[in-house]
**Student:** 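Take a look at this one; I'll ask things after.
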Amino acid sequence: MDILIIDDDAVDRMSAIRTLRQSELSLDKIDQADTATDGIRCAAENGYDIILLDYQIPPSNGIEILREIRGGNDYSTAIVMLSHSNDENLALSCIEAGAQDFVMKSEITASRLKRAILISQERHSLEQQVRESHERLRYIAERDSLTGLRNRYFFDEALRDAITKNSRSGEQLVLMLLDLDNFKKINDVLGHQAGDSLLQEIARRLENPIRKSDKLCRLGGDEFAILVYDLPQLEHVRLLADRILKSLEKPMIIQGQTVAVTASIGVATYPLCATDATGLMKCADVAMYRAKELGRNRVQYYSHDFHQKMVSRMQLEFDLKQAIQGDQLILFFQPQLDTHSEQLVGVEALIRWQHHDLGIIQPDEFIPIAEESDLIIDIGRWVIQAACRQFSQWVDAAQGTHIHFSIAVNLSARQLKDHALSEFLQNCLKQYNIPADLVELELTESHLENSLSAIEMLNSLSDTGVKLSLDDFGTGYSSLSHLSQFPFSILKIDKSFVQSSDDEKQRTLLRAICAFAHSLGYETVAEGIETEAQKSFCQSLNVNRLQGYLFSQPIPAQAFENIWLQGTI
Ligand code: C2E
Ligand code: CA
Ligand code: CA
């Protein structure tokens, strides 16, 4: 056993050594130090089994020395305090500061000292075990088991701590949120195990560019956060973010497959962007969302303007949810005329939102928002149902005479993911007793996916007997071969062609489009007709139907019914 005695009193040291020798402990080495500095140095250099530490070593006191010895989290040695005082509070303070026992010098006998040393050693070893298991538990609690990075729990604590510290020091704290761009797809295609391996590889790569002092955490799923302390300039943050994106550039080999992964990073700084942890997190999230919106694989810094836009957009999304349940959505109707007879042959239903504060909102403003969430599914179904109900009311209004116009409803490409849509449509047709061939579904060309599932869905819609119409034809990329895979029977020529038909080149193009469409047996509709000249030109091309402001704007159901029944359209 190696022992160090720290005591400024030479007589006390000698007496301690004598008692130790009488104690039958197996002693290998006894060192002595007569000053605090010497003692602390000796303890740090040699690593003793036991230190006997006098409480009174002017100018220090024993607790200060104790703290100094334990300072660097060194718990390797058991420490017994020796003192002339029998103050119990003092003894307790020593134990609290990290000593294992406290013995009064006047009580020291060989057996008392031996017992103190043995008990101290035992207690010390137990404390050590507790400390180790505590450390282990902490490690488990703070680590993400998949990647070994720090986890969300650690991150939340670290962020709060950092903000408290930095609010005092005035230093800058940078929060980067990183979200993988295409992880879900990879997970779906290659499976969860491959997804896990990929996350491990990414965690490994992300560790390279960041400094030791910064904290890289996995927040869950494919989301990571990096807390960057005291980076003085934004330029450095930019360099770091670029290095992070670069670290992912090299393709990864996962289960023998080459996988390319990119990420979007949102950056927010404290105290510039926010005053607390929740606020900072929100800002970084907003910035990350913006990075995704701008095309992914990029770094975006938080901007207040964008935040405002997002808040009002979120508000709109929230209001839209209410609008579907309340009676705020309505359909307007725009007539379509036969090109030559100029008789009413169709009507297109166009949605409007009567917002309680903002008045009428046009579909271009809220359909894209609905398309980003699942709201479009509900809205789409609402439109089909409302259009069918309206049509059946017109059948009633016709009082037995045959209705000679069809009704067209717009579908969003995202509705093709609504697998029960054909069934829903069929039920509506049945419920309102509407012949399927009087209903047309319009799908915008540019949003159409050439996927098997989309084609299947269109076929199943077409199987209900309704007609399918390709909207805004000419603005998308449908090649001719591509077009023939879809069950469309009507092409709606985009209004941009009609409206630029003053230009000779455009006229040639429109002529070619019509010739092509007719030769393949498609029915054609020209929309956006505003002038007599445009009308005449479309007539000369034998377009089947005409639609546009020249004949009527989209109008409420009652207004449409009036002009139809009065024959003024
Ligand atoms: P769209 O299907 O191409 O509808 C034609 C748009 O052109 C309508 O705008 C209509 O009011 C407008 N329009 C009609 N004639 C003329 C004209 O002579 N000149 C000009 N400049 N414009 C004309 P609206 O009603 O604002 O609808 C915009 C788009 O919103 C629609 O384009 C359609 O893509 C979408 N939309 C409308 N209703 C629905 C719906 O119920 N469901 C879905 N998914 N989308 C809808
Ligand atoms: Ca349309
Ligand atoms: Ca259109």
Side-chain angles (χ1 to χ4, degrees), residues 320 323-324 328-337 346-354 359-391 406-418 421 424-425 428 439-448 457 461 466-476 488 490-501 523-535 537-538 543 545-557 559-560 569:
L320 190 51
I324 302 170
Q328 296 176 36
L329 297 180
I330 47 164
L331 291 180
F332 273 31
F333 297 89
Q334 189 179 32
Q336 297 175 344
L337 307 187
V347 64
E348 179 178 2
L350 293 155
I351 197 169
R352 302 287 180 266
W353 174 11
Q354 285 178 305
I360 288 208
I361 304 182
Q362 299 299 323
D364 286 339
E365 280 182 61
F366 67 88
I367 292 289
I369 296 175
E371 281 175 340
E372 271 180 25
S373 60
D374 282 339
L375 288 176
I376 193 63
I377 303 289
D378 290 343
I379 291 181
R381 287 179 169 218
W382 178 88
V383 172
I384 290 176
Q385 175 134 29
C388 287
R389 191 190 309 116
Q390 186 55 63
F391 199 77
S406 56
I407 184 162
V409 169
N410 290 283
L411 278 198
S412 161
R414 279 222 33 193
Q415 287 178 259
L416 298 182
K417 302 221 153 61
D418 178 2
L421 189 64
F424 179 83
L425 173 67
C428 282
V439 176
E440 293 166 9
L441 301 179
E442 298 189 1
L443 277 129
T444 302
E445 184 193 17
S446 55
H447 294 161
L448 214 54
M457 190 61 197
L461 288 170
V466 303
K467 291 183 187 161
L468 297 187
S469 165
L470 190 56
D471 208 348
D472 301 347
F473 181 64
T475 56
F488 290 107
I490 305 165
L491 298 185
K492 271 192 104 169
I493 298 157
D494 189 61
K495 52 177 172 279
S496 61
F497 292 102
V498 175
Q499 291 175 347
S500 55
S501 59
E523 196 182 337
T524 49
V525 182
E527 65 176 345
I529 295 179
E530 295 180 356
T531 65
E532 286 290 342
Q534 289 163 357
K535 177 178 108 177
F537 185 58
C538 289
V543 171
R545 290 187 236 162
L546 307 174
Q547 180 182 350
Y549 293 169
L550 180 65
F551 313 107
S552 167
Q553 298 234 344
I555 48 178
F560 172 79
I569 183 93

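In listed order, ligands and their atoms are each counted from 1.
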**Student:** Is there a polar contact, in the sense of an N or O pair closer than 3.5 Å, between Arg352 and ligand 1?
**Tutor:**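 Indeed, backbone or side chain, Arg352 has an N or O that close.
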**Student:** Parallel, tilted or perpendicular for Trp353 and Phe366, by the 30°/60° rule?
**Tutor:**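 Answer is perpendicular, since the angle exceeds 60°.
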**Student:** With rounding to the nearest 0.5 Å, note down the distance linking CG in Asp418 to CD1 in Ile377.
**Tutor:**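 Reported value, rounded in 0.5 Å steps: 4.5 Å.
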**Student:** Do Glu371 and Ser412 get their side chains close enough for a donor-acceptor pair, meaning under 3.5 Å?
**Tutor:**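 On atom types as modelled, these side chains qualify, holding a pair under 3.5 Å.
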**Student:** Heavy-atom distances under 4.0 Å decide this one: backbone, side chain, both or neither, for Asp471 against ligand 1?
**Tutor:** side chain
**Student:** Regarding Asn410, does it place an N, O or S atom less than 3.0 Å from the Ca ion (ligand 2)?
**Tutor:**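 It does; at least one qualifying atom falls short of 3.0 Å.
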**Student:** Test your reading of the structure: does Gln415 have an N or O sitting under 3.5 Å from an N or O of ligand 1?
**Tutor:**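 Gln415 vs ligand 1: no N/O contact under 3.5 Å.
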**Student:** Kindly give the atom name of the N, O or S atom of Glu442 closest to the Ca ion (ligand 2).
**Tutor:**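 In Glu442, the N, O or S atom with the shortest distance to the Ca ion (ligand 2) is OE1.
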**Student:** Could you check whether Glu348 pairs with Lys492 (Lys NZ or Arg NE/NH1/NH2 to Asp/Glu carboxylate O, under 4.0 Å)?
**Tutor:** yes
**Student:** Gln499 side chain to Gly528 main-chain N or O, any donor-acceptor pair under 3.5 Å?
**Tutor:**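 The answer is yes, because a donor-acceptor pair under 3.5 Å joins these two groups.
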**Student:** In Glu348, what N, O or S atom is nearest to the Ca ion (ligand 2), if we give its atom name?
**Tutor:**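 Nearest to the Ca ion (ligand 2) within Glu348's N, O and S set: OE2.
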**Student:** I'd like to know: is the Ca ion (ligand 2) within the 3.0 Å range of an N/O/S atom from Glu527, strictly under that distance?
**Tutor:** no
**Student:** Any nitrogen or oxygen of Ile351 lying under 3.5 Å from a nitrogen or oxygen in ligand 1? Just yes or no.
**Tutor:**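 N/O-N/O distance under 3.5 Å: yes.
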**Student:** Does any N or O of ligand 1 fall below 3.5 Å from an N or O anywhere on Asn410, backbone included?
**Tutor:**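 Yes - when backbone and side-chain N and O of Asn410 are compared with those of ligand 1, one distance drops under 3.5 Å.
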**Student:** With a cut-off of 3.0 Å, does Asp471 place any N/O/S atom under that distance from the Ca ion (ligand 2)?
**Tutor:** yes
**Student:** Could you tell me whether some N/O pair between Gln547 and ligand 1 is separated by less than 3.5 angstrom?
**Tutor:** no
**Student:** Which bit of Pro554 gets closer than 4.0 Å to ligand 1, counting heavy atoms only: side chain, backbone, both or neither?
**Tutor:**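 The answer is the side chain of Pro554.
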**Student:** Who passes side chain to side chain donor-acceptor pair (under 3.5 Å) against Ser501, sequence neighbours left out?
**Tutor:** none
**Student:** Between Glu523 and Arg545, does any side-chain N to carboxylate O distance fall below 4.0 Å?
**Tutor:**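 Between Arg545 and Glu523 there is a salt bridge, with a charged N closer than 4.0 Å to a carboxylate O.
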